[in-house]
Amino acid sequence: MRILLRISLAAVIAASTGSSLALATAIGGTHGRAEIKSTCASSGGNYYSNLDGYGCMKENCDGKGGLCGVVCKNDGKCEGSTPSITSVPAPKGLKGILNPKTR
């Protein structure tokens with residue numbers, strides 16, 4: 001299932017940016033629904049929750065129409081993704097992924 005979530009997030013970002021490239025980043029530790037919901041709201045994203053997990057998607061996170069996202073499994077393990085053109089090095093943490101610095 002973890003691979004399916006990773007592929008799905010990368011596919012969503014690729015579709016939104018018109019690119020097949022997305023930068024996936026593992027997020028260390030565990031992060032509960034309340035933390036993701038709060039961070040998502042403060043970053044201007046859209047929180048979601050379902051039986052498979054929860055997360056946040058933020059449109060135009062790079063100022064160029066890109067989509068950033070955080071996807072978490074029910075055990076609190078999360079992964080984030082940003083358009084590949086946004087940051088070097090890769091953004092870290094929840095806020096870094098949802099608010100990447102552009103080149």
Closest contact, heavy atoms only, Y48 versus M57:
CE2-CE, 4.4 Å
Determine whether T82 and D62 make a side-chain contact, defined as any pair of heavy atoms from C-beta on separated by less than 4.5 Å.
no
Say you draw a straight line from SG of C78 to CG of L94; how long is it, rounded to the nearest 0.5 Å?
6.5 Å
Closest contact, heavy atoms only, K95 versus S42:
CE-OG, 4.3 Å
Mind listing the closest non-hydrogen atom pair of G76 and Y54 along with its distance?
CA-OH, 3.3 Å
Nearest non-hydrogen partners of H31 and I36, listed with the distance:
CB-CD1, 3.8 Å
Would you mind reporting whether T30 and D75 have side-chain heavy atoms less than 4.5 Å apart?
no
Looking at side-chain heavy atoms only, is the closest gap between N99 and K58 below 4.5 Å?
yes
Would you say N74's side chain and L51's backbone share a donor-acceptor pair under 3.5 angstrom?
yes
Taking every heavy atom of K37 against every heavy atom of Y47, the minimum-distance pair comes out as CA-CD1, 3.5 Å
Please name the residue in the list S43, S81, P83, C56 that meets the side-chain contact (heavy atoms from CB on, under 4.5 Å) test with C68.
P83
Which value, rounded to the nearest 0.5 Å, describes the distance between E35 atom CD and C72 atom SG?
8.5 Å
Distance from K73 atom NZ to D52 atom CG, nearest 0.5 Å?
11.5 Å
